[in-house]
Amino acid sequence: MNINKLHEMTNWLNKEHLDGVILTDYHDIAYLTGFNSDPIERVLALVLFANYEPFLFGPALEVNSMVVSGWQFDTVGYEDNQNPWKMIASKLKSLTSGTQFAIQFDQITLSRYNALKKALPNVSFLKDATGQINQMRLIKSKDELQKMKVAGQEADKAFEIGFNLMENGISEISLASDIEYQLKKLGISNMSFETLVQFGAHAANPHGTSSLIPLKSHEMVLFDLGTIHDGYASDATRTIAYGKVDDLSEKIHAVVLEAQLTAQSKAKIGMTANELDNIARKVITKAGFGPNFVHRLGHGLGTSVHEFPSIVAGNDLILKEGMAFSIEPGIYIPNMAGVRIEDSGYMSKNGFIPFTETSKSLYQH
Ligand code: MN
Ligand code: MN
């Protein structure tokens with residue numbers, strides 16, 4: 001439970017003259033409460049008030065875990081045969097007659113909003129809390145960075161396992177699932193997303209999935225993976241050779257590596273996200289592969305694997321100490337080859353400090 005952040009939210013409610021806020025994004029709830037659980041289709045809500053103590057609402061089967069996770073305020077659980085919105089409403093009305101509440105516009109579906117309005121006909125939900133939470137999540141504390149560092153070390157371990165598992169004939173899916181299996185046996189049980197392994201030309205699809213394609217000699221292998229440590233995500237990518245690869249593969253690997261290292265070494269507090277994207281993009285464009293770098297340079301991460309800041313052209317957001325994000329340039333040549341190299345890290349007074357340290361060389365020994 002993050003009492004300082006909860007206070008910050010309460011201060012925001014007072015500043016905005018709101019009676020409370022109903023938060024429904026489970027990443028945001030994890031950030032504020034320490035209770036990290038994806039409710040899937042069930043309802044999880046954190047209700048904060050300007051003048052009363054908050055309560056955490058969720059499936060009855062989760063209430064014990066909420067307490068175990070360190071949540072010290074009230075909890076309310078609902079059974080599957082109960083109407084969660086009615087229950088939130090009656091608890092809320094027992095605490096306040098206030099009528100001005102914020103919600104998360106991006107997180108609540110229209111049908112859920114209608115159910116909430118029906119349960120609380122006198123309450124208006126005109127204010128969006130998402131911007132406030134995003135702003136808070138943007139700057140990581142020392143404690144958060146420490147968790148992310150450990151998640152990065154776990155990602156390094158995953159690369160080590162993956163590199164050692166490469167052999168003729170193994171499929172992308174086998175390699176990806178063997179990495180996760182070996183990690184699980186070490187007690188690292190949560191990935192921040194499904195491990196992605198792509199061979200040769202298949203890596204030219206940056207949003208692809210692992211397939212049954214078998215590994216052959218003289219191909220590059222792309223590993224994109226991350227774990228969750230104590231609620232915080234890592235995200236890193238390496239593209240390495242399995243046997244000697246052709247000139248084009250070597251060329252694009254060298255260009256992506258130069259772009260990645262240049263951006264990493266030039267990232268400074270005070271520059272904009274746009275400027276940082278441009279530093280990497282310039283290296284790739286100069287080498288003639290500009291049109292093949294088809295995505296932004298990076299994204300923030302923390303309790304979720306994609307959050308603010310977005311390191312993208314046109315974003316004038318200024319990089320500040322404590323912001324955590326990925327630097328992940330790529331070159332994708334359809335039907336031929338794809339390379340992406342990614343480290344996530346954070347901004348310090350001394351520049352960008354990566355959470356992952358695995359070698360980025362094309363040829364590893
Ligand atoms: Mn990423
Ligand atoms: Mn990634």
Side-chain angles (χ1 to χ4, degrees), residues 27 134 137-138 140 144-145 147-163 172-173 175-177 179-180 183 188 190-199 202-210 220-229 232-240 253 256-257 259-261 263-264 267 273 276-277 279-281 284 293-313 315 317 319 323-332 338-347 352-360:
H27 292 112
N134 286 344
R137 282 172 58 173
L138 196 51
K140 268 70 183 178
E144 291 182 286
L145 292 173
K147 289 173 182 174
M148 296 179 79
K149 199 170 193 167
V150 177
Q153 286 162 354
E154 292 176 349
D156 280 331
K157 185 73 201 169
F159 285 131
E160 185 194 324
I161 292 167
F163 295 176
E172 293 174 343
I173 285 179
L175 190 38
S177 48
I179 291 170
E180 295 189 4
L183 286 175
I188 301 165
N190 288 316
M191 306 306 293
S192 42
F193 52 90
E194 198 174 314
T195 299
L196 176 65
V197 173
Q198 291 174 307
F199 302 150
H202 195 214
N205 177 5
H207 247 183
T209 49
S210 303
M220 289 193 294
V221 180
L222 181 151
F223 298 85
D224 189 349
L225 51 83
T227 67
I228 298 196
H229 175 77
Y232 284 78
S234 55
D235 181 13
T237 306
R238 292 293 182 270
T239 309
I240 71 168
H253 187 280
V256 172
L257 183 56
Q260 208 277 341
L261 292 174
Q264 219 171 265
L276 185 55
D277 181 278
I279 285 169
R281 205 162 296 276
I284 291 177
F293 179 15
V294 289
H295 53 72
R296 61 183 171 177
L297 181 63
H299 55 83
L301 75 172
T303 51
S304 68
V305 75
H306 279 188
E307 59 189 58
F308 289 106
S310 183
I311 311 299
V312 65
N315 185 2
L317 181 94
L319 300 183
M323 285 185 183
F325 53 85
S326 68
I327 295 182
E328 51 176 308
I331 294 178
Y332 311 93
V339 172
R340 180 169 60 260
I341 301 174
E342 169 181 31
D343 278 322
S344 299
Y346 68 98
M347 289 310 304
F352 182 83
I353 313 282
F355 296 124
T356 30
E357 288 172 354
T358 297
S359 161
K360 299 170 198 174

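Atoms within each ligand, like the ligands themselves, are counted from 1 in listed order. FYI, side chains are in, hydrogens and waters are out, and symmetry mates aren't considered; it's all heavy atoms of this structure.
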| query | Does the pair Phe308 and Leu317 meet the rule for a side chain to side chain contact (heavy atoms under 4.5 Å, CB included), with working shown? | reply | CA-CA 10 Å; Phe308 289 106; Leu317 181 94; over 6 Å; no

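Every residue meeting the salt bridge (Lys or Arg N to Asp or Glu O under 4.0 Å) condition with Asp343, not counting sequence neighbours, appears here in chain and number order: Arg238, Lys360. The ring pair (Phe, Tyr, Trp, His ring centres under 6.0 Å) check on His306 picks up His299, with sequence neighbours excluded. Phe159 is linked by a ring pair (Phe, Tyr, Trp, His ring centres under 6.0 Å) to Phe163, counting only residues two or more places apart in sequence or in another chain.
Remark: Glu144 does not engage Lys147 in a salt bridge, criterion side-chain N to carboxylate O under 4.0 Å.
Atoms of the protein (N, O or S only) found under 2.8 Å from the Mn ion (ligand 1) are Asp235 OD2, His299 NE2, Glu328 OE2, Glu342 OE2.
At least one side-chain heavy atom of Ser304 sits under 4.5 Å from a side-chain heavy atom of Arg137.
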